[in-house]
*Asks:* 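Have a look at this one.
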Amino acid sequence: AQSVTQLDSHVSVSEGTPVLLRCNYSSSYSPSLFWYVQHPNKGLQLLLKYTSAATLVKGINGFEAEFKKSETSFHLTKPSAHMSDAAEYFCVVSDNQAGTALIFGKGTTLSVSS
Amino acid sequence: GAGVSQSPRYKVAKRGQDVALRCDPISGHVSLFWYQQALGQGPEFLTYFQNEAQLDKSGLPSDRFFAERPEGSVSTLKIQRTQQEDSAVYLCASSPLAGGGNTGELFFGEGSRLTVL
């Protein structure tokens with residue numbers, strides 16, 4: 001069975017500093033991995049996805065993530081945080097089996113201070 | 001807009017009441033998912049439809065939960081005899097692709113927040 005573990009429930013950064021949100025996954029198959037963002041009172045939005053192509057994936061709003069099979073990790077990074085990045089971030093795994101849903105981590109709350 | 005629409009956005013029910021939550025997916029989307037998101041937690045899978053067929057209902061927590069998508073478009077999640085532990089945000093998501101986990105990007109609605117007193 002597949003699962004994801006988000007290693008930090010809350011991350012605080014200053015505006016303009018780098019962001020690192022950590023995620024480890026477990027999957028019996030070759031997984032697809034995603035990061036979704038949830039702003040308050042808004043629907044979940046896809047940031048980026050890895051589907052066995054390039055291991056370094058670029059997403060929207062300057063975010064990127066690197067798939068490391070040896071470490072079973074898919075950490076999310078951004079070089080410089082903006083105030084608008086403050087939100088809840090979810091790491092998500094799918095094992096690519098037909099009929100299988102996406103499995104979400106518990107989420108990391110990102111706070112950005114000025 | 002043409003996004004996923006859910007109604008009602010907020011629902012307060014007394015324990016024991018039945019509730020129905022509606023999801024209007026993006027037109028033409030084949031796949032439809034329901035998720036339950038408890039406070040401070042990530043969404044948890046409830047059920048999956050491909051068109052009108054309910055292919056996976058393994059996440060439904062009890063037989064009080066029932067979902068349908070009779071014409072392969074609008075879906076309704078029904079909870080009978082609500083309990084306090086049913087309080088959560090219920091999220092609907094759709095995708096133009098079939099195949100469950102192979103659908104890649106899911107388009108989520110804003111959710112229906114259910115509070116059971």
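Below, chain A is the first sequence line, B the second, and so on; all start at residue 1.
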*Asks:* Is any NZ, NE, NH1 or NH2 atom of the basic residue among D18(B) and K78(B) found under 4.0 Å from an Asp or Glu carboxylate oxygen of the other?
*Replies:*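 No, no charged N to carboxylate O under 4.0 Å.
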*Asks:* What parts of residues 67-76 of chain A touch chain B if we use heavy atoms and a cut-off under 4.5 Å?
*Replies:*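 Residues qualifying by a heavy atom under 4.5 Å from chain B are absent, so none.
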*Asks:* May I have the list of side-chain donor-acceptor pairs in residues 105-114 of chain A shorter than 3.5 Å, sequence neighbours left out?
*Replies:*
residue : atom : partner : partner atom : Å
K106(A) : NZ   : Q41(B)  : OE1          : 3.1
T108(A) : OG1  : Q6(A)   : NE2          : 3.2
T108(A) : OG1  : D8(A)   : O            : 2.5
T109(A) : OG1  : E88(A)  : OE1          : 2.5
S111(A) : OG   : H10(A)  : NE2          : 2.7
S113(A) : OG   : V13(A)  : O            : 3.4

*Asks:* Between the main-chain N or O of L44(A) and the side-chain N or O of H39(A), is there a donor-acceptor pair closer than 3.5 Å?
*Replies:*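 A pair under 3.5 Å: no.
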*Asks:* For F90(A) and F34(A), what are the C-alpha separation, side-chain angles and deciding distance, and is it a ring-ring contact (aromatic ring centres under 6.0 Å, His included)?
*Replies:* CA-CA 8 Å; F90(A) 294 96; F34(A) 311 81; over 10 Å; no
*Asks:* May I ask you to say whether R69(B) pairs ionically with E52(B), meaning some side-chain N is under 4.0 Å from a carboxylate O?
*Replies:*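 Not counted as a salt bridge, because no side-chain N and carboxylate O are separated by less than 4.0 Å.
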*Asks:* What residue pairs, at least two apart or across chains, pass salt bridge (charged side-chain N to carboxylate O under 4.0 Å, His left out) with a residue in residues 23-35 of chain A?
*Replies:*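 As it turns out, there is no salt bridge (charged side-chain N to carboxylate O under 4.0 Å, His left out) pair with a partner in residues 23-35 of chain A once direct neighbours are skipped.
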*Asks:* Please classify the contact between F107(B) and chain A as side chain, backbone, both or neither, with a heavy-atom cut-off of under 4.5 Å.
*Replies:*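 For F107(B), there is no contact with chain A at all, as no heavy atom is under 4.5 Å.
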*Asks:* Does the ring centre of F63(A) sit less than 6.0 Å away from the ring centre of Y89(A)?
*Replies:*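 That pair passes the under 6.0 Å test.
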*Asks:* Which atom names give the shortest non-hydrogen contact between F49(B) and T47(B), and what distance separates them?
*Replies:*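 Looks like CE1-CG2, 4.1 Å.
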*Asks:* For residues Q37(B) and Q38(A), is any side-chain donor paired with an opposing acceptor at under 3.5 Å?
*Replies:*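 Distance-only check passes for Q37(B) and Q38(A).
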*Asks:* What closest approach, in Å, do R81(B) and D63(B) show between heavy atoms, and which atom pair accounts for it?
*Replies:*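 Heavy atoms only, the tightest pair is NH2-OD1, 4.3 Å.
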*Asks:* With a strict 4.5 Å heavy-atom criterion, list every residue of residues 108-117 of chain B that contacts chain A, or say none.
*Replies:*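 Expected list: F108(B), G109(B), E110(B).
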